[in-house]
Every structure is written in C-alpha cells, then in structure tokens.
Amino acid sequence: MYDICIIGGGVVGCAIARELSRYQLDMVLCEKGEDVGVGATKANSAIVHGGYTSKHGTLKGELSIRGNRMYDRLQEELNFGLKRTGSLVLAFSDTDRLKLDDLLANGERNGVKGLRIIGRAELEEIEPHAGPMAASALYCPETGITSPYEFCIALAENAVANGLQLRLHTEVTGIEKEGGHFKLQTLVNNPAEPETTEIEIESALIINAAGVYSDWVSSMAGDNSFSIQPRQGQYLIFRRGHGAVARHVVFQAPGPKGKGVLVSPTYWGNLIIGPNSEEISVREDLSTNQEILRGIIRTARRSIPSFDLKQLIRSYSGIRATSNTRDFIIGESSVRGFIQAAGIDSPGLTSSPAIAEMVVNLLESAGLDLEKKDSFRTERTAVITPFPLSRYSEISGDADLPEGNPERLICRCEQVREKTILEVLRRGIPIDSTDAVKRRTRAGMGYCQGKFCGPRVLRIIAAETGLPEDRIRAGGAGSGVFPERISGKELRELEP
Ligand SMILES: Cc1cc2nc3c(=O)[nH]c(=O)nc-3n(C[C@H](O)[C@H](O)[C@H](O)COP(=O)(O)OP(=O)(O)OC[C@H]3O[C@@H](n4cnc5c(N)ncnc54)[C@H](O)[C@@H]3O)c2cc1C
C-alpha cells in the first residue's frame with residue numbers, strides 16, 4: 001500500500017510529487033496520458049504572472065505571487081527555462097487607464113514589487129514596437145516567461161529520481177474507501193502491453209490534481225461539492241526568432257473575460273498571440289477555428305502591429321479548469337484523507353510551486369509523519385538550452401549521416417541531433433510517442449512541424465524501446481480525435 005497516490009501528472013501534480021519526494025514516503029502518481037504535462041500544462045500562455053491580476057484575498061492572489069518568487073530557485077535546481085522579461089498592460093482609452101489604476105492597487109495589496117504606470121514616451125523606449133494607440137501602460141518587472149511542459153517534465157524527472165513511482169497511461173476510474181484507506185480502480189492502456197488491463201492501487205491518502213476532470217475524480221471519492229466549467233483558449237505561434245518583435249509580455253487592459261489577448265515572446269524565441277476565453281461543453285476539445293483566430297490577430301495588432309503572418313507555424317488551444325467557486329480549491333475534502341488541488345485555472349502554472357508547498361504544510365498539520373530523506377537529489381540537468389541556429393547549408397550534410405551516428409541531424413528546423421533524442425529516451429520517464437520527444441528536444445517544433453523528423457524520431461524510439469513502430473503514436477490516445485487544426489497555408493491567409 002502507498003502512503004500517497006497523486007491523480008494527475010500536470011504541473012500541479014508533478015510539483016506536489018517533487019515537493020513530497022523530499023520525505024520518506026511511498027508515493028505513486030497516476031496519469032492517464034502518455035506523458036506528464038499533457039493537459040492544460042502543455043497549452044497555455046507560459047507566463048509566470050506578476051501577481052497583480054488575481055484578486056487580493058483569494059488563494060489565486062496569494063499563491064501566484066508566492067509561486068512567482070519560487071521560480072528562480074527552481075530554475076537553478078531543475079534547469080527548465082525561465083526569463084524575467086517583465087510585462088506591460090496597455091491602456092488605449094481613459095476607461096482602460098482607470099483599469100490600470102485598479103490593477104496597480106490590487107497588485108500592491110498582493111505584495112507585487114516594482115509595479116508602476118508609465119506614459120507613452122517610456123513605453124516607446126522599452127517596447128519600441130508597441131501599437132501607436134497605446135497611451136500608457138502598467139509595467140511589472142517581476143513577470144517572467146517559461147517553458148511550461150519542460151517545467152513539468154523537470155519536476156517529474158526529479159521526483160522520479162527521488163523515488164516517485166510514475167504510472168503513465170493509467171486512468172483512475174473508481175475510488176472506494178475501506179478500512180481507513182483508499183482503493184483506486186485504474187485502467188491501464190500502455191502501448192507496450194497487448195491489452196488494456198485493470199489494476200487496483202491502495203493508498204492511505206489521495207491528492208486530486210486531475211485538472212479539468214478534478215470534479216469527476218472528486219465525485220468518485222464521494223465529494224460533489226464543486227464543479228468545473230471548461231473554458232477554451234486558442235493561440236497562434238510564430239517561427240523561432242519572431243519573438244523579437246516584443247520584449248515584454250504585452251497584455252491589454254482586462255475585459256469581462258479576464259486578462260484578454262497577449263502578445264509575447266516565448267522562452268525559445270517564438271512569438272505567441274492569444275488566447276480567447278470561451279466556455280465549452282467537451283472537455284477535450286482542442287480544435288481551433290478561423291473566426292476566433294482572426295479575432296485574436298485583430299486584437300493583438302493593437303498591441304504590437306508588426307508581427308508577420310508569413311512567420312506563422314501553427315495554432316493550438318488549451319482548456320482552463322475553472323471552478324464554480326472562481327478560486328483554486330485546495331484542502332482536505334469532506335472525505336477524510338482525500339486532498340483537493342482542484343480547479344486550478346490561470347495563474348496555476350505560476351502558482352504551482354506554492355500550491356505544492358501548501359499541500360505539504362496541510363498534510364503535515366493533519367499529522368502526516370514527514371521525515372526528510374538524506375538522499376534527496378535537488379538537481380536535474382537540462383536536456384537542451386537555447387542556442388543560435390546554424391545556417392542550414394553549413395550543416396545539411398549531417399542529415400545524411402548513417403543511423404546510429406550521434407551527430408546525425410534528425411530535425412532540420414530546430415537542429416536536433418540523434419544523441420539528444422537518445423539522451424531523453426534514457427532518462428527516468430518512459431517515452432512512447434513522438435510528441436514526448438518533441439517536448440523534450442524540440443524535434444518537430446519548427447516550421448515543417450515534424451514532417452521531416454517525425455518518421456526519424458519514431459524509428460529511434462522503436463529501436464531504443466523495442467516497441468513496434470505501429471504502437472508509437474504522435475501524441476496520446478486521444479490525439480487526432482477532434483477536427484485537425486487548420487493548415488499552415490490557411491493560417492498565413494488569416495489576416496482579417
Ligand atoms: C488557455 C490557457 C492559458 C493559461 N495561461 C497561463 C499562464 O500564462 N500562466 C499561468 O500561470 N497559468 C496559465 N494557465 C493555467 C495553467 O495552465 C493551469 O493552471 C495548469 O496547467 C493546471 O495544471 P494541473 O496540473 O492542475 O492540470 P493539467 O495540466 O490539466 O493536469 C491534469 C492531469 O490530470 C490527468 N487526469 C485527469 N483525470 C485523470 C484520471 N481520472 N486518472 C488519471 N489522470 C487523470 C490529465 O490527463 C492531466 O494530465 C493557462 C491555462 C489555459 C488553458
């Protein structure tokens with residue numbers, strides 16, 4: 001029997017697992033996807049928020065600022081990628097300007113440092129491509145950008161190195177409490193096995209970090225006290241290098257649906273614009289549509305007019321797990337020993353380290369014996385760090401090197417070599433999809449979106465893991481179920 005079972009391997013579940021792996025506990029994490037970080041964690045704005053938006057007095061307000069400040073130390077230990085770019089909230093009218101005053105006051109109450117309102121002259125100086133109609137802005141130096149899936153992978157790798165048992169492809173389908181502990185029914189759909197199997201897991205405590213399904217998982221245990229309303233957000237992402245059109249994360253004064261459309265460089269130097277915010281009924285609907293994307297382009301051009309649609313590489317969407325309480329739900333439920341880390345919508349990526357800390361404190365005050373491990377390993381090395389791309393003509397011959405040569409170029413767009421693919425396959429987390437390799441190495445993230453490297457990566461996974469090629473998928477079991485995202489050609493013709 002385990003001491004703790006965490007349900008959900010997004011950034012919240014993995015941050016909790018990493019924090020708890022400091023202690024002498026038998027711990028398992030069940031994730032129904034093929035990898036960690038495949039829910040909201042892989043598809044969001046990737047912002048380490050400054051902490052001025054979330055309302056003072058809420059868990060979001062408190063945990064976002066605390067989480068933000070924990071990132072630098074985590075980056076030193078786990079090497080996932082973080083840049084403190086700072087952010088701007090642009091005001092285009094007098095009404096917007098009043099909203100900046102409100103954000104400033106709220107941020108100061110939350111304890112954000114260095115927040116100030118700047119005028120047009122300073123705006124032009126620090127963000128030279130800002131739209132001409134922006135009259136002033138709220139500047140926050142504490143905002144950062146990160147690579148959310150790499151952060152989640154780093155947390156999980158480190159937790160595994162410290163003893164966590166990670167069960168991928170394992171969906172929790174039922175929970176019963178018996179004799180003071182829990183019995184979890186799980187369905188295991190592992191491509192390495194010929195058939196789906198049912199496995200029972202026993203655990204003294206459960207932590208519910210199931211994201212958009214956290215209300216369903218809670219109901220399984222008998223707590224129906226909240227519900228999740230999924231809200232979709234769509235984005236457009238541009239080629240690596242195009243991120244240089246914006247120096248900061250550039251927001252606009254918020255509207256009734258929240259923070260609104262942003263324009264931001266990514267950690268890897270791409271540019272993203274988005275998201276919208278629409279309630280949806282199907283919790284896994286990751287489709288994108290032209291009308292919404294056109295609206296995003298129109299709005300984003302007010303902030304930074306000079307982005308170039310010829311540089312577009314794809315659209316994507318993510319789903320927020322918004323709870324009916326409108327705040328995070330963290331704490332022991334009405335079912336003793338069943339801990340909620342539920343309803344974690346934005347700014348959940350920012351808050352995740354502080355959520356993990358809060359859950360550990362909660363367990364300790366509830367009487368869990370937390371004895372530190374002497375053997376805890378704090379550090380995790382990066383797979384790759386940003387590097388300037390070479391001129392392709394100078395290295396094109398490397399793509400023709402024979403299979404097995406570590407220097408063979410596997411991905412031409414992002415210039416990923418065979419040795420890097422092999423390295424990730426030999427780390428602690430089992431890999432059986434080309435997307436899992438993509439998130440760790442960037443092979444497939446470039447302009448051709450994996451057309452060249454996809455088959456090469458697949459063959460390397462097959463050779464290294466022994467899995468038959470027809471059992472290796474691009475993404476998880478559900479990938480490809482919803483309407484395909486619109487094509488690159490259609491994207492580049494999107495100008496409203
Ligand atoms: C459009 C959008 C933009 C955002 N932008 C930002 C931002 O810029 N900054 C920020 O701080 N936050 C942002 N967020 C919020 C942030 O992405 C989330 O708060 C965070 O990723 C939530 O992590 P999680 O682990 O709770 O959920 P998830 O990442 O969704 O993980 C939950 C996991 O549980 C698994 N699971 C579900 N049910 C079961 C089951 N029965 N058995 C086993 N496994 C199960 C799922 O497969 C999933 O992997 C944004 C979110 C969205 C959607």
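As the structure is a computational prediction, the values presented were derived from the model and not from experiment. When a ligand or atom number is given, it counts from 1 through the structure's own listing order.
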Going by heavy-atom distance to atom 47 (O) of ligand 1, choose the closest among E31, R283, H169.
E31

Identity and distance of the protein heavy atom lying nearest atom 25 (O) of ligand 1
V12 N, 3.1 Å

Looking only at side chains, do E150 and Y267 share a donor and an acceptor under 3.5 Å apart?
no

Any N/O of R320 closer than 3.5 Å to an N/O of ligand 1?
no

Nitrogen or oxygen atoms of E171 and ligand 1 under 3.5 Å apart:
no

Between Y71 and F151, is the ring-ring contact (aromatic ring centres under 6.0 Å, His included) condition met? List the steps.
CA-CA 10 Å; Y71 260 81; F151 178 43; 4.9 Å; yes

Nearest candidate to atom 15 (C) of ligand 1, where distance is taken over non-hydrogen atoms, out of S352, S346, G343
S346

N/O donor-acceptor pair under 3.5 Å between N106 side chain and S54 backbone
yes

Would you mind running through ligand 1 and noting each atom that sits below 4.0 Å from a heavy atom of V11?
20 (C), 21 (O), 23 (O), 25 (O)

For D327, is there an ion pair with K55 - N to carboxylate O distance below 4.0 angstrom?
no

Within the 4.0 Å heavy-atom shell around I7, which atoms of ligand 1 are there?
40 (C), 42 (N), 43 (C)

State whether the side chain of N208 and the backbone N or O of A210 hold a donor-acceptor pair below 3.5 Å, judged by distance alone.
yes

Per atom 17 (O) of ligand 1, closest listed option by heavy atom (N44, I47, V212):
N44

Is K177 close enough and on-axis enough to F338, meaning under 6.0 Å and within 45°, for cation-pi?
no

Report the part of T170 (side chain from C-beta onward, or backbone N, CA, C, O) that has a heavy atom under 4.0 Å from ligand 1; answer both or neither where that applies.
backbone

Using 4.0 Å as the upper bound for N to carboxylate O, is an ion pair formed by R439 and E34?
yes

For atom 32 (C) of ligand 1, which candidate among A209, S64, G39 provides the closest heavy atom?
A209

Between C152 and ligand 1, find which residue part has any heavy-atom pair under 4.0 Å and reply side chain, backbone, both or neither.
neither

Proximal ligand 1 atoms for I319, defined as those under 4.0 Å from one of its heavy atoms
53 (C)

Classify the contact between C30 and ligand 1 as side chain, backbone, both or neither, using a heavy-atom distance cut-off of under 4.0 Å.
backbone

Using a distance-only test with no angle check, is there a side-chain donor-acceptor pair under 3.5 angstrom linking D223 and Q340?
yes

Got the closest protein heavy atom to atom 5 (N) of ligand 1, with its distance?
S45 N, 3.2 Å

Region of Q232 that comes within reach of ligand 1 [heavy atoms, distance under 4.0 Å]
neither

Any atom of ligand 1 sitting under 4.0 Å from a heavy atom of W216?
no

Please list, in number order, the atoms of ligand 1 under 4.0 Å from a heavy atom of H49.
7 (C), 8 (O), 9 (N), 10 (C), 11 (O)

Would you confirm whether S219, through its side chain, and G222, through its main-chain N or O, come within 3.5 Å as a donor-acceptor pair?
no

Among all protein heavy atoms, pick the one closest to atom 31 (O) of ligand 1 and tell me residue, atom and distance.
G10 CA, 3.4 Å

Can you figure out which of G211, C14, G348 has its heavy atom closest to atom 27 (O) of ligand 1?
G211

Atom 45 (C) of ligand 1: the protein heavy-atom neighbour that sits closest, reported with distance to 0.1 Å:
K32 CG, 3.8 Å

Using atom types as modelled and distance alone, determine if a side-chain donor or acceptor of E171 lies under 3.5 Å from a backbone N or O of T173.
no

Flag for Q234-S315: side-chain donor and acceptor within less than 3.5 Å
no

Identity and distance of the protein heavy atom lying nearest atom 40 (C) of ligand 1
V172 N, 3.8 Å

Counting only heavy atoms, tell me which of T41, V36, I16, I145 gets closest to atom 23 (O) of ligand 1.
T41

With no hydrogens and no angle check, is any side-chain donor or acceptor of E178 less than 3.5 Å from a backbone partner on K183?
no

Counting non-hydrogen protein atoms only, what is the nearest one to atom 16 (C) of ligand 1? Give residue, atom name and distance.
L349 N, 3.7 Å

Do D345 side-chain atoms and R320 backbone N/O form a donor-acceptor pair below 3.5 Å?
no

Answer with yes or no whether the side chains of H56 and N110 bring together a donor and an acceptor at under 3.5 Å.
yes

What I want to check is whether the side chains of S277 and R231 have a donor and an acceptor closer together than 3.5 Å.
yes

Under 3.5 Å, is there a donor-acceptor pair linking the side chains of N190 and R167?
no

For ligand 1, is there an N or O atom under 3.5 Å from any N or O atom of V38?
no

Heavy-atom contacts with I344 under 4.0 Å: which atoms of ligand 1 show up? List them by number with element.
18 (C), 19 (O), 22 (C), 26 (O)

Taking only non-hydrogen atoms of P347 and a 4.0 Å limit, the atoms of ligand 1 in range are 10 (C), 11 (O), 12 (N)

When you measure from atom 2 (C) of ligand 1 to every protein heavy atom, which one gives the shortest distance, and what is it?
Y235 OH, 3.5 Å

Closer than 4.0 angstrom, basic N to acidic O: yes or no for E284 and K32?
yes

Atoms in ligand 1 with a heavy atom of V217 nearer than 4.0 Å
41 (N)

Could you walk me through whether R18 and R380 pass side chain to side chain contact (heavy atoms under 4.5 Å, CB included), step by step?
CA-CA 12 Å; R18 197 261 176 169; R380 173 250 180 206; over 6 Å; no

Side chain, backbone, both or neither: which applies to S214 and ligand 1 if a contact is any heavy-atom pair less than 4.0 Å apart?
neither

May I ask you to list the atoms of ligand 1 that are less than 4.0 angstrom from any heavy atom of T350?
9 (N), 10 (C), 11 (O)

So which protein heavy atom does atom 28 (P) of ligand 1 come closest to, and at what separation?
A40 N, 3.7 Å

Any atom of ligand 1 sitting under 4.0 Å from a heavy atom of V48?
no

